[in-house]
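Everything on this sheet refers to the single structure shown next.
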Amino acid sequence: MSNRFKALLSVFKARVGDPSRERDTAVERAEITVEDEEGKSKSRFTIRIICRHGVIKTYRLTFEAIPPMHALFVKANANNMWSISSRTLRDFVEHFGPGTEQLDIYSEDGRVSLTSYTEKIMSGNEILKQPLHTSIAIDSLEFAEFSVEELLHIVISVKDFKSIITHAGITSTIVKACYSRPASPMQLTYSDDGILSEFILMTIGEVRGGSATPAPNAPRAGPKRQASRQPVATASASKRATPAEMPPPPPRSASMRELSKTRDVRPSPPPPQPSIPSDALFMPRADDDNDKMWDPVNQEDDDDDMLLWGQGGGENDATVNSTRTQHGVTPSMNSFQSNMSREALDRQLAPTQRLPPTQKLSQARPFHRIKGMFDD
Amino acid sequence: MRFKTSIRNIQTFSKLTASLSSLGKVAWVRLDDLNVRFTIIPETGTQVWASLSIDSIFEDYTIQSNAENNAINLELPLPPLHRALKSAINASSASIRLTKRDGVPVLSLTIITNTISSGNTANGFLNGASQDPFGDNAFREQDLNAGREREAVVTQDIPVRVLTADSVEGIHEPRVREPDAHIILPSLIQLKAISDRFTKLASATSTGAIRSGGANNIPKLELSANMHGSLRLSISTDALNISSVWTGLTNPLLDPNQVNPDGEGLEDHPSTLLRERGPDAWSTVRIDGRDWGKVLSVGRLGGRVIACFADDHALILYVYLANYEDGTDESVLTYYISSFSA
């Protein structure tokens, strides 16, 4: 899926670089047209970037019209909810190093614990390749709202969570999470300037006996609730975006099938997964300060855990974000796990090269493990 | 077996791990009552033997084992340690202890950070305003500051292997003959920039035949020192020959008691002989530019560096770290770099 997005992303990527370098060819506006008529041999998504001095760059991406896919999320059942400033959450999430797979979230006595871990079993020398096991214990007062059943462990993909929070942290907004039980989906939403981002994540975790009907704690009363500045927009938008009659994901989605299979098979606690060499762990991350100048030359920065958008880290680098702002296209940036069904991106863009549009995802990449949704 | 300590100097510890991990991913760490040692012995390339005074990075240090001096030997992966320490950069306190998680030994790093979240700050102000709309701003903000400071506790578990005393018994620091020249190096960032530049130039101008010939044919940096305050860095390929010379550097005096404990003088010491041969007499080693670049990453620690040249044989760098407190034991990192033959 990301292959397809890369084609779209690359159109805008050059636009977010050094502004001084682009002075002569500064972008004045961009026009997007979609050709998708009956009888035409190809559907096209055309982007015209109009620059100064009459320079016009035109990108034509082909795509294939397919029915939109949605993960099913029934908001009425999601009786656990928290919301928090995106910046605050990003600061916490940055503690998670590369290499782990799972993120366990639970609360107890006003403390919320986030633990990233892996189930890989290592032995002998391999023990040293075990990724960092990180846990963060924070006061539930860090949250704007926190209404979650005590001691309910919910486990999601740490990589996906990091991706989402990294994106959410670009702007100062409020991230809201809704979920019910382990093995039922979790919804993460945030909005900013008319862009609604919504994600449905699969969860795993221990379904404890004896509390089939979870009773969340009484919502934490407190003045902190007024913190959110755009909560109204978020709420109304997500309502619109989450119709209860959403179809379940079509079986054709190889990735989705894989996810649900893993989830179904997995007892609690989940069995160990086959060990995957994680070389990424063994490359140090360059520091943010000028300590970097001491690094040896040609040192590959293998920390591929960091993500697509905001590669430079600055707000201007928010490629996905800026494209959407410019054109008012408001899909979430994720694929089938979130709803991207509106406007032009109703149809997923077919890749322009490499993969024929009919190729199944399962042929395009090996599914030997749970892939993060941003994995290549 | 017990080990627990607070980290006194997170920055230094973090820079140390960054420097060491450029040369090897796994360190042998030896902790005991006297000091903290990190040893990197990569399959190829430079060895590092670092000995730090406990006070330089730790405080409230407790160690206990059945071995002599309560020594504990660990095999420790450096990149996760460095990553974990990164979490601690803005911490109000950080401590490390040796423990087990799921039966696997780990060094558990506990980091306590005081958080002030921006989202709730604004919120707090609003609340204050609603409760006391005519109150004194300055006082109110102070109160809120005190109230909204909260603790986040981050725990980073780094997997380790505990080594038995027997298994590390056979590991010894390399022995190198008395050096011909010793000199205090100039600013390492300058040296590194020039070295990296030379290495790049050489690999860019070397011919395809050389490039395909494997690592051994990559041009080597030639580093030379005399005993008259000069250091020369040069590289030559078929296409170019460049060198930089530093002058006015210091050749530190040797302590005769350390070189010859039995009381002999330094008259016959190789460095004395080289000095007598004048400023045109050099001691030279040939080193891999990329490996050298990794070695020089120790410059981030800001220590004083003495380079000892054993002509055509080896280069030894002693990196002396500034003491955290006067009067404590010295912390020194020793780098053993073999010279390639000409």
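Letters A, B, ... mirror the listed sequences (proteins, then strands); counts begin at 1.
Using a distance-only test at 3.5 Å, with no hydrogens or angles considered, no donor-acceptor pair links the side chain of A/Arg111 to the main chain of B/Ala152. Without hydrogens or angle criteria, A/Glu142 side chain to B/Arg150 main chain gives no donor-acceptor distance under 3.5 Å.
We find that A/Asp295 and B/Lys192 are not joined by a salt bridge, their nearest charged nitrogen and carboxylate oxygen being 4.0 Å or further apart.
No other option in B/Lys15, B/Arg161, B/Lys294 has as many heavy-atom pairs under 4.5 Å with chain A as B/Arg161.
A side chain to side chain contact (heavy atoms under 4.5 Å, CB included) with A/Ile136 is found for one member of B/Val154, B/Thr113, B/Ile111 and no other, namely B/Val154.
Around the CZ atom of B/Arg101, the shell of radius 6.0 Å holds more than 12 heavy atoms that belong to other residues, nucleotides or ligands.
With values rounded to the nearest 0.5 angstrom, A/Leu128 atom CG is found 11.5 Å from B/Ile158 atom CD1. Taking OG1 of B/Thr155 as the start and CG of A/Leu132 as the end, the distance is 11.5 Å to the nearest 0.5 Å. Atoms CZ and OG, from A/Phe92 and B/Ser87 in turn, are 11.5 Å apart once rounded to the nearest 0.5 Å.
The nearest pair of heavy atoms linking B/Pro159 to A/Ile127 is CB-O, 3.3 Å.
Using a 4.5 Å cut-off between heavy atoms, B/Leu296 contacts chain A through its backbone alone, with no side-chain atom that close. Neither the backbone nor the side chain of B/Leu81 comes within contact range of chain A; no heavy atoms are under 4.5 Å apart.
No side-chain heavy atom of B/Val106 sits less than 4.5 Å from a side-chain heavy atom of A/His133. The shortest distance between side-chain heavy atoms of A/Gln130 and B/Pro80 does not fall below 4.5 Å.
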